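Structure first, commentary second.
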There are 2 protein chains.
Amino acid sequence: MDERTLLLLGMLRIESQHGYQLNEFIEHNLARVTDMKKPTAYALLDRLEQSGAIASRLEQEGNRPPRKVYAITEQGRQLFLRLLRETLSSAEPYVIAGDVGLMFLDALPLDEALKLLEQRLAEVRAQVAAIEKVPAHHLGLGIDLAIEHQAVLLRADDAWLTQLIERLQTRQSTSSTPAAPSAANGQ
Amino acid sequence: MDERTLLLLGMLRIESQHGYQLNEFIEHNLARVTDMKKPTAYALLDRLEQSGAIASRLEQEGNRPPRKVYAITEQGRQLFLRLLRETLSSAEPYVIAGDVGLMFLDALPLDEALKLLEQRLAEVRAQVAAIEKVPAHHLGLGIDLAIEHQAVLLRADDAWLTQLIERLQTRQSTSSTPAAPSAANGQ
DNA sequence: GGGCGCATGTAATGAGTTACATGATTGA
DNA sequence: TCAATCATGTAACTCATTACATGCGCCC
């Protein structure tokens, strides 16, 4: 929740915007950084306004639906800075969804495990490729940094998975037992 | 939720256990792989039993509280395999909590940003160290694999953060403006 | 006798998602 | 005329967490 609040405040700090605008930007440019959905953003904006971190004024252009344009307040800036300092200074231990699967690799015959891991590898590579062809310097801000970070992790994942598949393949040619190597430590 | 179900089924596939036992093992050995809490596990076991994936029998030892020992059923094995194939073959794009902070690095004076990132780096390194001194081959299963994966990602994070701090430091000596480098792509 | 371990949960709460509602405008 | 875009939300639901309840046995 704090992350989402930080994101909204950070975006409003750069420029006053209405909810739709924020949501569009998030959906089109920040899908890799956050997975916040639209109603969540609207609800958060409401709460932030009630707590005084942001303030809204109604705006209307022609006969279009009225917009609620939010501006960050001084109080909001303080909150923003506090949240920013918190997130930057700490490293939440990440829990990777797919890791549970790895634990039970040996429940499948080796050749099937290999086939599945190769599918996973293909997806990881597709994600790397997708990131790499993003034009860079999206806007003045440090989005690039976040994207770069993602790319680094994805490449590490790629390398490890590739190596894991190789390890499993050598085992395939020697014996004919179920999967899971003896975990020769990475590095 | 699927991950948690997969985990419980996978553990029961190896050995019939009661809830307390499962929870203890998760808390002591799998904290890095999952963050499922006890009441969640109990509730999930309930639901799995109702759906027929597992079956329980009551057991009592002396005057201790009675235990509900769960065993996986044939139906549960099928479910387990389906979930396992799903997780192994796909790569969920991960959303890293701390990445939002990176986006707004330039909202802080460079020297403070550096100080905070160094704190983050220290935490990452502490996590790497903690992982590296885990004894390995926990049990017959592929936990080691999941741990190894974590270690690989953490080391990649370490390297990237270290490099980011360096990049920011050279910028510090040259100019005196706020943070955020031009994101020279990480290899 | 006081606290920890064993073993099960329940109740209240919260955060977030999905699916839906509304209603005008613009382009094919 | 039909669909998409603009712009705001609401309602129902799911998932998970936190805090609490219970009660016996064991060890210091």
Side-chain angles (χ1 to χ4, degrees), chain A residues 1-8 11-12 15-28 30-31 33-51 54-71 83 92-95 97 100, chain B residues 1-8 11-12 15-28 30-31 33-51 54-71 83 92-95 97 100:
Chain A
M1 189 206 82
D2 282 356
E3 303 293 330
R4 300 166 196 257
T5 301
L6 177 60
L7 178 61
L8 292 175
M11 290 178 70
L12 290 176
E15 188 185 4
S16 293
Q17 295 175 66
H18 56 274
Y20 190 84
Q21 218 173 339
L22 291 161
N23 275 321
E24 287 294 289
F25 190 83
I26 289 169
E27 197 181 332
H28 294 133
L30 303 181
V33 183
T34 185
D35 52 1
M36 178 170 48
K37 303 300 189 244
K38 290 170 193 181
T40 308
Y42 279 118
L44 262 182
L45 287 170
D46 255 12
R47 282 217 269 133
L48 283 172
E49 182 171 25
Q50 272 164 47
S51 77
I54 59 180
S56 73
R57 73 192 136 81
L58 277 179
E59 219 177 57
Q60 185 132 16
E61 215 162 284
N63 235 346
R64 317 218 119 251
R67 312 154 160 181
K68 243 188 197 174
V69 179
Y70 292 100
L83 293 176
E92 297 296 313
Y94 29 53
V95 173
V100 177
Chain B
M1 191 206 77
D2 281 356
E3 303 292 327
R4 300 168 195 255
T5 301
L6 177 60
L7 178 61
L8 292 176
M11 291 177 71
L12 290 176
E15 188 185 6
S16 292
Q17 294 176 65
H18 57 272
Y20 190 83
Q21 218 173 338
L22 290 161
N23 275 320
E24 287 295 289
F25 189 82
I26 288 169
E27 197 180 333
H28 294 132
L30 302 181
V33 184
T34 184
D35 52 1
M36 178 170 49
K37 303 299 189 245
K38 290 170 193 185
T40 308
Y42 279 117
L44 263 184
L45 287 171
D46 256 13
R47 282 215 271 135
L48 283 172
E49 183 171 24
Q50 273 165 46
S51 77
I54 58 180
S56 74
R57 75 193 134 84
L58 278 178
E59 219 177 59
Q60 185 131 17
E61 214 163 284
N63 235 346
R64 317 217 121 250
R67 309 155 161 180
K68 245 188 196 173
V69 179
Y70 291 101
L83 293 175
E92 297 296 310
Y94 28 53
V95 172
V100 177

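Note that the structure is predicted; figures quoted are calculated from it, not measured. Letters A, B, ... mirror the listed sequences (proteins, then strands); counts begin at 1.
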The side-chain hydrogen bond (donor to acceptor under 3.5 Å, both in side chains) partners of E59(A) (sequence neighbours excluded) come to R57(A)
Please list, for nucleotides 10-16 of chain C, all pairs of protein and nucleotide N/O atoms separated by less than 3.5 Å.
unit_1  : atom_1 : unit_2 : atom_2 : d
dG16(C) : OP1    : M1(A)  : N      : 3.4
dG16(C) : OP1    : R4(A)  : NE     : 3.0

By side chain to side chain contact (heavy atoms under 4.5 Å, CB included), S16(B) pairs with (sequence neighbours left out) V69(B), A71(B)
Original post:
Looking for any heavy atom pair under 4.0 Å, which part of the strands does K38(B) touch: base, sugar-phosphate only, or nothing?
Top reply: nothing
Report the distance from atom [atom1] of [X] to atom [atom2] of [N], rounded to the nearest whole Å.
X: Y20(B); N: dG5(C); atom1: OH; atom2: P; value: 8 Å
X: E24(B); N: dC4(C); atom1: CD; atom2: C1'; value: 12 Å
X: K68(B); N: dT8(C); atom1: NZ; atom2: C1'; value: 8 Å
X: L22(B); N: dT8(C); atom1: CG; atom2: C1'; value: 13 Å

5'-most to 3'-most nt of DNA chain D touching chain B (<4.0 Å, heavy-atom partner on protein side) reads dC15(D) to dC26(D)
Do [X] and [Y] have side chains that get closer than 4.5 Å, going by heavy atoms?
X: L83(B); Y: T5(B); result: yes
X: R67(B); Y: L58(B); result: no
X: I26(A); Y: M11(A); result: yes
X: M36(B); Y: L8(B); result: yes
X: L7(A); Y: V33(A); result: no

Whether each nucleotide of nucleotides 21-28 of chain C has a protein heavy atom under 4.0 Å at its base (B), only at its sugar-phosphate (S) or at neither (-) is summarised, 5' to 3', as --BSSS--
OH (Y70(A)) and CG (L12(A)) are apart, to the nearest 0.5 Å, by 9.5 Å
Residues pairing under side-chain hydrogen bond (donor to acceptor under 3.5 Å, both in side chains) where one sits in residues 17-26 of chain B, two or more places apart or in two chains, turn out to be H18(B)-Q21(B)
Residue set satisfying salt bridge (charged side-chain N to carboxylate O under 4.0 Å, His left out) with R64(B), at least two apart, ordered chain then number -> none
Counting only pairs under 3.5 Å, give me each side-chain donor-acceptor contact of residues 37-50 of chain B, with atom names and distances, residues two or more places apart or in other chains.
unit_1 : atom_1 : unit_2 : atom_2 : d
K37(B) : NZ     : D35(B) : O      : 3.3
K38(B) : NZ     : E27(B) : OE1    : 3.2
E49(B) : OE2    : S56(B) : N      : 3.3
E49(B) : OE2    : S56(B) : OG     : 2.7

